[in-house]
Amino acid sequence: MNRINIAIDGPSGAGKSTLAKAVSKALHIFYLDTGSMYRAVAYAAVKAGIDIKNTYEVEQLIEKIDLHTVYVDGEQQNLLDGENVMPYIRTPEISKAASDISAYPCVRHKLVAMQREVAEKYDVVLDGRDIGTYVLPNAEYKYYVTADAGERARRRHLELAHKGIDKDYDDVLREMKIRDNNDSTRSFAPLRQADDAILIDTTHMSIDEVVGAVLSRLSQE
Ligand code: DC
């Protein structure tokens, strides 16, 4: 059976997840937030007191980790030892740890296999960094969503403020640039636009405009 797999990649704060959620809702298909899976591994590492710079410790963690991604009432849950860790993984500490731990091939192999399994089983919109280039190179629909670093930091700053996390805009921008650099310079499956992905620069676009552009394109294909 031919599955609908829609790949949405790009740096953090570009609007990927908002777009992916809206598209999945409009098409009545699942949404897979692959970044949350790297975050769940980072959370497991922090919880276990593992040194993320230590390859051996990270490999041991991945060998033993009990991590499953499931859908409950249409919503993704990442279960670590049976517990849904989605509520705990959006802190700045876990953001940094997720970026660092995602550079390990052993981590990527594990999560990419889980992501491919979901994409085989369900019609799904996936967002991440390497979906169009590595996870699903044959996906029929690929988008690369980006925006100026300043604009992305402004959005992330606002998002944190809404959650009651008070952080300097300059710190958000600085940390975002470090993560961008980490994610796009790692040797294995770095953040990169796939040759056949459609580029969307959201710097001067509202989310409704972005969603509208993608949905009207999909309906024409
Ligand atoms: O999208 P996010 O900010 O929740 O992702 C957290 C980290 O996970 C990000 O710094 C890079 C990594 N990531 C990745 O390497 N590959 C993906 N497909 C998704 C996320």
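Whatever order the structure lists them in is the order used to number ligands and atoms, beginning at 1.
Annotation for E159: atom CD counts as buried by contact number, over 12 foreign heavy atoms lying within 6.0 Å. Within a 6.0 Å sphere centred on CD of E117, other residues, nucleotides and ligands contribute 12 heavy atoms or fewer.
Protein residues with any heavy atom under 4.0 Å from ligand 1: T34, G35, Y38, R39, R90, A98, S99, S102, R108, G128, R129, D130, R179, D183, R186.
Between F188 and Y134, the ring planes are perpendicular. Angles over 60° get that label, and only those under 30° would be called parallel.
Expressed to the nearest 0.5 Å, how far CG of L79 lies from CG of N84 amounts to 6.0 Å.
Two residues are said to be in side-chain contact when any heavy atoms from C-beta on lie closer than 4.5 Å; Q115 and I131 meet this criterion.
A donor-acceptor contact closer than 3.5 angstrom links the side chains of R155 and T202.
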